[in-house]
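Inspection log for the structure reproduced underneath, given as structure tokens.
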Amino acid sequence: STSTEAIRATLFPGDGIGPEIAESVKQVINVAGVPIEWEEHYVGTEVDPRTQSFLTWESLESVRRNKVGLKGPMATPIGKGHRSLNLTLRKELGLYANVRPCNSLPGYKTRYDDVNLVTIRENTEGEYSGLEHQVVKGVVESLKIITRQASLRVAEYAFHYAKANGRERVSAIHKANIMRKTDGLFLQCCREVAAKYPEIKYEEVVIDNCCMELVKDPGTYDVLVMPNLYGDIISDLSAGLIGGLGLTPSCNIGEGGICLAEAVHGSAPDISGKNLANPTALMLSAVMMLRHLRFNDQADRIHNAILRTIADGKYRTADLGGKSSTSDYTKAVCGHI
Ligand code: NAD
């Protein structure tokens with residue numbers, strides 16, 4: 001954006017290490033000179049009857065109004081009579097696609113150094129529709145729902161993403177040889193969308209084969225789109241390929257163009273409040289949010305500063321084998337910006 005007018009974005013610092021790493025993100029965004037005004041919302045201590053959740057109606061309205069936000073990890077409160085926080089966000093904001101880029105970090109050694117793939121997961125239906133029941137004692141049944149509407153929507157997003165980000169290929173991941181109707185419909189929808197993007201290569205890969213190839217040679221994959229359950233599994237597998245949860249960002253795309261970026265890790269209660277957490281995943285999630293807002297230069301500067309800090313190796317947090325605190329690492333990243 002060339003405008004200097006401040007953009008309002010919702011920030012959920014979240015629980016546990018959330019507030020510490022959210023502070024790091026605010027600092028790097030500030031140093032990069034991005035004119036963002038954060039509307040901070042915390043998870044409530046009582047269930048809001050309007051949302052049946054600890055997330056208040058006002059928090060959800062803030063995201064709906066701003067259409068853009070960043071979410072720290074949220075610890076799921078224990079007890080009955082409320083919906084899970086992540087489920088509330090997904091349902092209320094219509095977050096239909098979860099986008100997770102996985103790139104090898106230069107200088108941080110893992111088994112592979114050429115991972116550069118993006119998983120795009122359908123986020124609203126499939127095996128996670130919540131329709132399970134007991135038929136008779138000892139027999140339970142779970143319904144996998146696949147709709148044309150949700151499949152087209154996530155396929156459209158995958159091809160749009162591929163085109164907008166200069167990607168060459170979209171692979172639809174499926175098990176349609178067994179799940180003929182459900183995954184068959186998903187594939188049919190992907191094919192229809194693929195036909196509208198002749199410049200993007202399209203292929204279909206059976207999920208078991210995909211897993212084997214991902215661990216053998218992840219560099220061969222580009223953009224992957226898939227139904228909910230497969231996406232849950234493959235996106236964590238992909239995160240593992242590049243060094244784990246402290247490094248992996250994601251972004252949820254919702255109805256009306258909502259973009260809610262989030263780190264994929266949890267609230268890490270074991271290290272919370274100790275200035276030990278790695279803020280990289282949330283920083284990279286913020287970078288995704290900035291790209292969505294077309295602050296591409298600032299996004300690149302923050303991204304490069306993170307890569308340089310990790311590659312230098314002088315300031316690294318404990319999860320990457322270093323000795324730095326959250327705040328010292330953040331300072332180093334700010335210095336590189
Ligand atoms: P977790 O991701 O919080 O922690 C797993 C391990 O990874 C811990 O050892 C932790 O210290 C480490 N870790 C995670 N993030 C790190 C970071 N940024 N830097 C350094 N180390 C990091 O998973 P968990 O312990 O299973 O879950 C804790 C809580 O988080 C639970 O209440 C769970 O429901 C919630 N959770 C929330 C989300 C979310 O909001 N999206 C996701 C997963 C878990």
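Whatever order the structure lists ligands and atoms in, that order sets their numbers, starting from 1.
- For the pair Glu156/Tyr197, a side-chain contact is recorded, criterion being any heavy-atom separation below 4.5 Å from C-beta on.
- For ligand 1, the atoms lying closer than 4.0 Å to a non-hydrogen atom of Ile271 are 11 (O), 20 (C), 21 (N).
- Of all atoms in ligand 1, numbered sequentially from 1 with element shown, those under 4.0 Å from a heavy atom of Asn278 are 17 (C), 18 (N), 19 (N), 20 (C).
- The environment of CZ in Arg180 is sparse: at most 12 heavy-atom neighbours from other residues, nucleotides or ligands sit within 6.0 Å.
- Checking side-chain atoms of Asp15 against main-chain N and O of Ala75 turns up a donor-acceptor pair under 3.5 Å.
- Not one N or O on the side chain of Asn275 forms a donor-acceptor pair closer than 3.5 Å with the backbone of Ser325.
- Looking at Ser324, its side chain never comes within 3.5 Å of a backbone N or O of Asp328 through a donor-acceptor pair.
- A salt bridge links Lys144 with Asp183: the distance from a Lys NZ or Arg NE/NH1/NH2 to an Asp or Glu carboxylate oxygen falls below 4.0 Å.
- Distances below 4.0 Å separate heavy atoms of Pro269 from the following atoms of ligand 1: 28 (C).
- Scanning the protein heavy atoms around atom 43 (C) of ligand 1, the nearest turns out to be Gly266 CA, 3.5 Å.
- Near Glu262, the atoms of ligand 1 lying under 4.0 angstrom from a non-hydrogen atom of the residue are 41 (N).
- Here the side chains of Leu60 and Leu89 are in contact, with some heavy-atom distance below 4.5 Å.
- Proximity of Ala281 to ligand 1, defined as any heavy-atom pair under 4.0 Å, is not found for any part of the residue.
- Atom CD of Glu141 has more than 12 neighbouring heavy atoms from other residues, nucleotides or ligands inside a 6.0 Å radius.
- With contacts defined as side-chain heavy-atom distances shorter than 4.5 Å, the pair Val223/Glu168 does not qualify.
- Using a 4.0 Å threshold on non-hydrogen atoms, atom 33 (C) of ligand 1 does not count as touching the protein.
- Using a 4.5 Å heavy-atom cutoff, the side chains of Glu132 and Val140 are not in contact.
- The distance criterion of under 3.5 Å between nitrogen or oxygen atoms is not met by Ile17 with respect to ligand 1.
- At a 3.5 angstrom cut-off on N or O pairs, Ala263 does not count as close to ligand 1.
- Nearest protein heavy-atom contact of atom 6 (C) of ligand 1 is Asp270 OD2, 4.9 Å.
- Contact atoms of ligand 1 toward Pro73: 40 (O) (distance under 4.0 Å to a heavy atom of the residue).
- Protein heavy atom closest to atom 37 (C) of ligand 1, with residue, atom name and distance, is Met74 O, 3.1 Å.
- Each of Arg153, Arg64, Arg90 was checked for a salt bridge (Lys or Arg N to Asp or Glu O under 4.0 Å) with Glu255, and the lone residue meeting it is Arg153.
- Under 4.0 Å from ligand 1, not a single heavy atom of Leu276 appears.
- Atom 11 (O) of ligand 1 is approached by the protein to below 4.0 angstrom, counting heavy atoms only.
- At least one N/O-N/O distance between Ala268 and ligand 1 falls below 3.5 Å.
- Protein heavy atoms come within 4.0 Å of atom 41 (N) of ligand 1.
- For Lys109, the NZ atom counts as densely surrounded, since its 6.0 Å shell holds more than 12 non-hydrogen atoms of other residues, nucleotides or ligands.
- For ligand 1, the atoms closer than 4.0 angstrom to any heavy atom of Lys71 are 39 (C), 40 (O), 41 (N).
- Atom numbering of ligand 1 starts at 1 in the shown order; those under 4.0 Å from a heavy atom of Ala75 are 32 (O).
- Of the protein's heavy atoms, at least one falls inside 4.0 Å of atom 20 (C) of ligand 1.
- Using a 4.5 Å cut-off on side-chain heavy atoms (C-beta onward), Ser238 and Val115 make no contact.
- Among all protein heavy atoms, the one lying closest to atom 15 (N) of ligand 1 is His265 CG, 3.2 Å.
- Compare Gly14, Ser267, Gly72 by their heavy atoms: the one nearest to atom 31 (C) of ligand 1 is in Ser267.
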